[in-house]
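Convention: sequence-line order gives letters A, B, ...; per-chain numbering from 1. FYI, side chains are in, hydrogens and waters are out, and symmetry mates aren't considered; it's all heavy atoms of this structure.
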There are 2 protein chains.
Amino acid sequence: MNLKQLSDRLGLSQTTVSRALNGYPEVSEATRERVLKAAQQTGYKPNKAAQRLATGKAKSIGLVMQSAPDLGGDPHFSEFLSGLAEEAVKHDFHFVMAPASPDDEVNALKRLIASGYVDAVFLAHVVDPDPRVDLMRSCSIPYLLHGRTMGDVHDYPYLDIDNEGAFYTATKLLLQLGHKRFALLNGIERFTFAMRRKTGAEKALAEAGLKLAPELVQHSVMSDQVGFRAMERFLAHPERPTAVLCASTALALGAVRAINKAGLKLGRDISLIAHDDVLSMLRPESFSVPLTTTRSSLRAAGARIGQRLIARLDGNADLPEQELWEAELIVRASTGPAPA
Amino acid sequence: MNLKQLSDRLGLSQTTVSRALNGYPEVSEATRERVLKAAQQTGYKPNKAAQRLATGKAKSIGLVMQSAPDLGGDPHFSEFLSGLAEEAVKHDFHFVMAPASPDDEVNALKRLIASGYVDAVFLAHVVDPDPRVDLMRSCSIPYLLHGRTMGDVHDYPYLDIDNEGAFYTATKLLLQLGHKRFALLNGIERFTFAMRRKTGAEKALAEAGLKLAPELVQHSVMSDQVGFRAMERFLAHPERPTAVLCASTALALGAVRAINKAGLKLGRDISLIAHDDVLSMLRPESFSVPLTTTRSSLRAAGARIGQRLIARLDGNADLPEQELWEAELIVRASTGPAPA
DNA sequence: AATGTCTTTCAAAGCGCTTTGGGAAGAGTG
DNA sequence: CACTCTTCCCAAAGCGCTTTGAAAGACATT
């Protein structure tokens, strides 16, 4: 069923039917109702490709998704997506996801934009410098970064959390508890969120005249397994750390297992603070020793990004262009005074 | 840059340029190269919405994604998606995801199909009976279910794993080890995968003259937290179970924590078998007591579904229409003889 | 020179929608 | 009564692409 068939059946022109359906004022209430009813009955749904072609709008937001044979699903991604979806469903938006191998991301983005399938795009996994930012600037289609490049000045719309601040605060807490030997379980090095987390920790340490030992820093994918292995390595270090900063609860899961396996007691022999993205599957408060965390909901970020992008497309420009969210420090049992 | 501009600049008709770009034989090699080069230089990318409108094809597969304010991200979903993406990226396909509240899924599916945005759709979370199957049958667009409805005869394309067989085998193993009191930590009841897993367990138990006590069965979202709470409840039961069947490693994570907390030793005081979807974040072999599992990679299923759908769209009909994958039983340390 | 066959190109129609620019009634005004 | 306004509707153009049907030119065959 398309517009023509529907209007033929109603004995009206396509113009009138289209207007009735889209709420334009130039049709009488009587015909509008007649049209609406017929659309309902016949199950008419407009063809979005045609709509998009005609209007340039399609109520869709695009994103490119990293894909590689060795790259598993990322729970952070689906958590974020669920937030985005929550907002999208309210406004009848949908997503277009273009998968791309990591080395072809910029090209995939180009194709996605030129495809005429999306009204706006969202970018994650920010690196520095990020070639996608330059691309977007020349592209006239609305966009929004989750994260931001390094430096203090940013001339593009973004939503980021204060990663540096979070890890600075977490480190400060551990320093106050008397810890001196720190380890860092971080995300992949090239991402700015990981850089900033490291900077935050280093800054606090520097203020106490301390440094991060390079052997006690791990940069990698944030999975349970990696957390376990890295922690085992840290614990074998001659100067075993008494405090661990951890970029995700998934990493922490593995780290805690290694700690237990070594016969150490979390919160007494060794303290740990993890960053908590509030993954629905894995809650830090329900670890056997509840985890002290810096918390910032990824899902909320997704929802907010959806909200801003959609508002922007609807012509509401009253939402901020740049936002920096603070993470909450939540103290639980995994942190305690440094052992004597 | 669009086709018209490109052809004007080349002094050719749109027809010729389009044909040159799409590899039709009716253009001379010389002009084809000229066109290709110009397209490269100008960065011309075809507008997919227009292509889709003109051809009815757009190299895209659609799916509806459940979304609700209280529904967090599902790591199973992203694991599956990464498999799908792996295949999609090879063939330059993309996805269109329509978010929908659980009660509006059929409608969202209708809109998605009518949208003219997708060439095929993929359906997950099969229930019984599943209204989407009837819808799809009347819709002429290719589709593929991940999972299948109940019963033995199915007249639609699907890929499923033998959930019943997996849990039957797992239960058999536990029975052989002398276990008599079983608990089941299952997925949400209305999904057929959960039904079949339960049936599998019950069948094996029935053969030994045993039954599942209703109080020792939990149907719910498969998260760590739920696993923990349910297991605590099971352990408080006057007739404490000695064997637990678990529908996911995420559930198992919580269950194991409850077991440890109760001071019981996994694999000795209590045995546990989990179904392993091979989530990249959480590996059963790296639990402190490695988990015995029934394994079937969700990512592989995603990739296979992508492969079949794309082959179908490309006119290759040599792939099977219906597939049932066996899960592997992998015995590790979480299963042992029933305590005396 | 006339005819037929390829090869290479093009103009125009059409995919399903929105939107512009009118036009035909009916309502209000002097 | 003629006149302007509204109100309600329509025909047609256009979004960027593919595809049909035809034409023009090159070449070989009678």
Side-chain angles (χ1 to χ4, degrees), chain A residues 1-36 38-39 42-60 92 111-119 140-141 313, chain B residues 1-36 38-39 42-60 92 110-119 140-141:
Chain A
M1 173 65 59
N2 58 26
L3 227 210
K4 182 160 176 23
Q5 292 167 350
L6 183 62
S7 47
D8 282 357
R9 152 196 283 249
L10 282 163
L12 289 168
S13 74
Q14 297 190 36
T15 310
T16 305
V17 176
S18 169
R19 285 186 164 148
L21 256 21
N22 294 316
Y24 282 79
E26 301 96 331
V27 297
S28 68
E29 266 322 303
T31 41
R32 183 187 306 278
E33 269 178 37
R34 205 156 65 88
V35 169
L36 253 29
T42 58
Y44 168 78
K45 306 271 193 295
N47 180 311
K48 291 239 178 200
Q51 254 175 344
R52 166 76 212 200
L53 197 55
T55 60
K57 308 262 145 226
K59 293 188 160 234
S60 72
D92 190 32
R111 276 204 309 274
L112 182 63
I113 295 167
S115 78
Y117 253 36
V118 299
D119 302 332
S140 85
I141 161 177
L313 290 170
Chain B
M1 173 65 58
N2 60 24
L3 227 211
K4 182 158 176 21
Q5 292 166 349
L6 183 61
S7 47
D8 281 356
R9 153 196 283 251
L10 282 163
L12 289 168
S13 74
Q14 297 191 35
T15 311
T16 305
V17 176
S18 169
R19 285 188 164 147
L21 256 23
N22 294 317
Y24 283 78
E26 303 97 330
V27 297
S28 68
E29 266 320 304
T31 42
R32 184 187 306 274
E33 271 180 36
R34 207 156 65 90
V35 169
L36 252 30
T42 58
Y44 170 77
K45 306 267 195 292
N47 181 310
K48 292 238 177 202
Q51 260 177 341
R52 166 77 212 197
L53 196 55
T55 61
K57 308 264 144 224
K59 294 187 156 233
S60 71
D92 190 33
K110 269 189 200 154
R111 275 204 310 272
L112 182 62
I113 294 167
S115 78
Y117 254 36
V118 299
D119 302 332
S140 84
I141 161 176

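- With rounding to whole Å, B:L3 atom CG is found 10 Å from D:dG16 atom P.
- Contact record, A:I141 with A:D119: CG1-O, 3.3 Å, taken as the closest heavy-atom pair.
- In this structure, A:S18 reaches the bases: a heavy-atom distance under 4.0 Å links it to at least one base atom across the strands shown.
- In this structure, the CG atom of B:L53 is 12 Å from the P atom of C:dT18, given to the nearest Å.
- Straight-line distance from the CD atom of B:E26 to the C1' atom of C:dC10: 13 Å, rounded to whole Å.
- A sub-4.0 Å separation between OP1 or OP2 of C:dT8 and a side-chain N or O of B:Y24 is absent.
- In this structure, the NZ atom of A:K57 is 16 Å from the P atom of D:dC15, given to the nearest Å.
- Relative to the side chain of A:A54, the nucleotides D:dC17, D:dC10, D:dG14 differ in distance, and D:dG14 lies closest.
- Per the geometry, CD belonging to A:Q14 stands 9 Å off P belonging to C:dT18, to the nearest Å.
- Residue A:T31 places none of its side-chain N or O atoms closer than 4.0 Å to OP1 or OP2 of D:dC8.
- Between the side chain of B:T15 and the base of D:dT20 there is no donor-acceptor pair of N/O atoms closer than 3.5 Å.
- The shortest distance between the side-chain N/O atoms of A:N22 and the OP1/OP2 oxygens of C:dT18 is below 4.0 Å.
- Nearest-nucleotide positions on DNA chain C place B:V17 closer to the 5' end than the other of B:V17 and B:T55.
- Look at CG on B:D8: it is 13 Å from P on D:dG16, rounded to the nearest Å.
- Regarding B:R19, its CZ atom lies at a distance of 16 Å from the P atom of D:dC17, rounded to whole Å.
- Each end of the helix from C:dA1-D:dT30 to C:dA27-D:dT4 gets its own rotation axis from five pairs of C1' atoms, and the angle between them is 70° to the nearest 10 degrees.
- Only one option out of B:V27, B:L10, B:L36 pairs with B:V17 in a side chain to side chain contact (heavy atoms under 4.5 Å, CB included); it is B:L10.
- Summarising the geometry, the separation between CD on B:Q51 and P on D:dC15 is reported as 17 Å, rounded to the nearest angstrom.
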